[in-house]
Asker: 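Sharing a structure with you now.
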Amino acid sequence: MTRDPIGMALSAMTRLAASPLLDRLGLRSSVEKTAYHGTRAGFRTIALAGREFNRVSSWLPRKKLPGKAKPALFDLALDDDQQMIVDTVGRFARDVLRENAATADEAAAIPADVFESAAELGLTLYAVPAEFGGVADSISPTTSVLIAEQLAWGDMSLAVALLAPFSVAQAISQWGTGEQQSRYLPAFCEGQPPVATIAVDEPAPLFDPMTPTTEAVPTQNGYRLNGLKHCVVLGAQSDLILVSALLHGTPKVFIIEGTQAGIELSAEATMGLRASQPARLTLNNVELPQDALLGDDTFDYQAFLDQGSLMRCGLAIGTAQAALDYTIPYCNEREAFGEPISHRQSVAFMISNLAIETDSMRLVTWRAASRAETAQTFHREACLARVLCNEKAMEIGTNAVQLLGGHGFVKEHPVERWYRDLRSVAILHGGLHA
């Protein structure tokens, strides 16, 4: 009987795992860990090589999701569908993400079962119109922010990774041409949706996402891209990457498949968001066809960035809420000089500020998202939300560590991880200076 390479590798690893020599040498743990990640990488390579987005000769007309009706008043109440989504995603964050967060951060990788559980959750279905196999019937920035909040409460780094394909599907749903929607969106509704991500950030001081140095030059058959991106979430694993670049001096977004020639990816060791496996993406004369340009003349790059900012604000809110929920019982139970430290005014005031700032972040973000959802102008509100969340996310992360004192500095408690992850809010995607 013949065996394929993966089958032979599994057979060899099985024999190795059964060897008693590993126990005598004290190598079982390290060998099993290496075998686990190696097998995952092998399967991922096979899956990537087998993932093809075939061009379609006939496609459905472009489906543009409508906005919701403008309400008479700004209403904070969630509708039934939103409440169901919040409850479902909240349970997933508590039972799956929170339980795996520390291990994922230590390994700087997403456990395979987390990916599988997330696929079962079907997040990307909420970003795809029904015509292409999803369940979305209108644009839903508010629901997207709610999902980001809930996932980030479990763990921000894992949330960033799980939301990357969701965000790509949303962008193609909102701005893609009929051919692009027909080609890519059905794959996001499969049992194992493609790994996809967005590459905007560049390693430049005071980077402005409106003026990327990555450049697209028109060619006879399409475009040629050259440039450098960094902190690309799941970059090395992605089947599909949306890359920002200047075309004739105007920022645009291009759809690049992971097997495209000219792409170089290398892992980046980062302070936070370690489980999202950030990578550096180098584009060396990447040749793309004409239909790789996302959307048409109606594409709004500023709105593309603003919606990304709202998702990042949602991640900041969820992580800030996690820090608040953790520090309150800690300070009520931790005693010093014969009483809980929460009895000290300085501690109580600091906790109050955590709650105030978290709610202020939430309200201004929801306000911006609700305007985007009802087809109103929202650039100003998105900028306000972004600036507030940038500043307060760092403050909340710092104060959460401070409230735990020495315990805030050790990995026994999760606040040091939340602090590291929250720092990314004010640094990536242009940061405070863009």
Side-chain angles (χ1 to χ4, degrees), residues 41-56 161 164-165 167-169 171-172 175-177 179-181 183-185 187-188 193-204 207-270 276-296 299 301 304-305 308 428-430:
F43 278 118
R44 183 66 197 139
T45 301
I46 295 297
L48 182 62
R51 172 80 70 178
E52 293 184 1
F53 300 96
N54 296 320
R55 283 175 168 75
V56 289
S167 298
V168 170
I172 296 175
W175 290 293
T177 63
E179 194 277 340
Q180 289 168 344
Q181 291 179 338
R183 183 180 180 191
Y184 295 113
L185 291 183
F188 287 97
V195 179
T197 191
I198 298 176
V200 171
D201 284 292
E202 297 180 357
F207 169 65
D208 182 358
M210 291 298 295
T211 56
T213 59
T214 300
E215 187 175 10
V217 177
T219 63
Q220 185 176 357
N221 299 318
Y223 306 95
R224 181 182 299 115
L225 266 64
N226 284 281
L228 177 64
K229 300 292 184 179
H230 82 139
C231 290
V232 181
V233 172
L234 296 178
Q237 293 81 21
S238 290
D239 307 298
L240 206 62
I241 308 174
L242 300 188
V243 178
S244 65
L246 279 185
L247 176 64
H248 300 306
T250 302
K252 298 288 185 179
V253 172
F254 293 84
I255 305 174
I256 301 180
E257 296 180 14
T259 54
Q260 182 69 43
I263 293 178
E264 296 178 9
L265 288 153
S266 57
E268 283 192 314
T270 56
S276 67
Q277 296 169 263
R280 178 164 293 210
L281 169 65
T282 304
L283 304 167
N284 290 320
N285 294 321
V286 176
E287 299 287 344
L288 298 177
Q290 289 281 354
D291 57 7
L293 179 63
L294 177 63
D296 50 28
F299 174 69
Y301 183 73
F304 172 81
L305 292 180
L428 300 181
H429 207 53

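Hydrogens, waters and symmetry mates are skipped; everything else that's a heavy atom, side chains included, is used. Remember, it's a predicted structure, so these values are computed and weren't measured experimentally.
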Asker: About how many Å separate CZ of R224 and CG of L283, when rounded to the nearest 0.5 Å?
Answerer: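 Answer for the CG-CZ pair, L283 versus R224, is 13.0 Å.
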Asker: Output, in order, the C-alpha distance, side-chain angles, deciding distance and verdict of side chain to side chain contact (heavy atoms under 4.5 Å, CB included) for E287 and T219.
Answerer: CA-CA 9 Å; E287 299 287 344; T219 63; 4.1 Å; yes
Asker: Where is the tightest heavy-atom contact between P289 and Y223, given as atom of each residue plus distance?
Answerer: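 Taking every non-hydrogen atom into account, O-CD1, 3.7 Å.
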Asker: Short question: side chain of E179, backbone of D291 - any donor-acceptor pair under 3.5 Å?
Answerer: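 Not confirmed, E179 side chain does not pair with D291 backbone.
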Asker: Would you say the side chain of T214 lies within less than 4.5 Å of the side chain of K229, judging by non-hydrogen atoms?
Answerer: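 Yes, their side chains come closer than 4.5 Å.
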Asker: If you look at every heavy atom in P251 and P212, which pair is closest and at what distance?
Answerer: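 Here P251 and P212 meet closest at CB-CD, 4.4 Å.
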Asker: E202 side chain to T213 main-chain N or O, any donor-acceptor pair under 3.5 Å?
Answerer: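 Answer holds: yes.
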Asker: Looking only at non-hydrogen atoms, find the nearest pair between I241 and G235 and report the distance.
Answerer: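 Closest pair (atom of I241, atom of G235, distance): CD1-O, 4.3 Å.
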Asker: Would you mind reporting whether L240 and I172 have side-chain heavy atoms less than 4.5 Å apart?
Answerer: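 Side-chain contact under 4.5 Å: yes.
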Asker: Taking it one step at a time, do I198 and F304 satisfy side chain to side chain contact (heavy atoms under 4.5 Å, CB included)?
Answerer: CA-CA 11 Å; I198 298 176; F304 172 81; 3.9 Å; yes
Asker: Does a donor on one side chain and an acceptor on the other come within less than 3.5 Å for N284 and N226?
Answerer: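 Note: N284 and N226 side chains miss the donor-acceptor criterion.
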Asker: Kindly give the heavy-atom pair with the smallest separation between V195 and L234, and that separation in Å.
Answerer: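 Closest approach of V195 to L234, heavy atoms only: CG1-CD1, 3.9 Å.
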Asker: Enter the distance from T270:OG1 to E268:CD here, rounded to the nearest 0.5 Å.
Answerer: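 Reported to 0.5 Å precision, the distance equals 7.5 Å.
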Asker: Quick check: closest heavy atoms across S244 and Y301, and the distance to 0.1 Å?
Answerer: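 Heavy-atom minimum between the residues: CB-OH, 3.5 Å.
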Asker: Would you indicate whether the side-chain heavy atoms of L225 and L288 approach each other to under 4.5 Å?
Answerer: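 Counting from C-beta outward, L288 and L225 do come under 4.5 Å.
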Asker: Check the side chains of E257 and Y184 for a donor-acceptor pair under 3.5 angstrom, ignoring hydrogens and angles.
Answerer: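 Looking only at side-chain atoms, E257 and Y184 do form a donor-acceptor pair, the distance falling under 3.5 Å.
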Asker: Restricting to non-hydrogen atoms, name the atom on S238 and the atom on V233 that form the minimum distance, rounded to 0.1 Å.
Answerer: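 Here S238 and V233 meet closest at OG-O, 4.2 Å.
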Asker: Under a 3.5 Å distance rule, please check whether Q180 uses its side chain to pair with a backbone N or O of L293 as donor and acceptor.
Answerer: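 Yes.
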Asker: For L281 and L228, run side chain to side chain contact (heavy atoms under 4.5 Å, CB included): C-alpha distance rounded to whole Å, both residues' side-chain angles, the deciding distance at 0.1 Å, then the answer.
Answerer: CA-CA 6 Å; L281 169 65; L228 177 64; over 6 Å; no
Asker: Is T282 close to I263 at the side-chain level, that is, under 4.5 Å between some pair of heavy atoms?
Answerer: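 Of all side-chain heavy-atom pairs linking T282 with I263, none is under 4.5 Å.
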Asker: Could you tell me if the side chain of F254 sits less than 4.5 Å from the side chain of L242, heavy atoms only?
Answerer: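 Result no, sub-4.5 Å side-chain heavy-atom pair not found.
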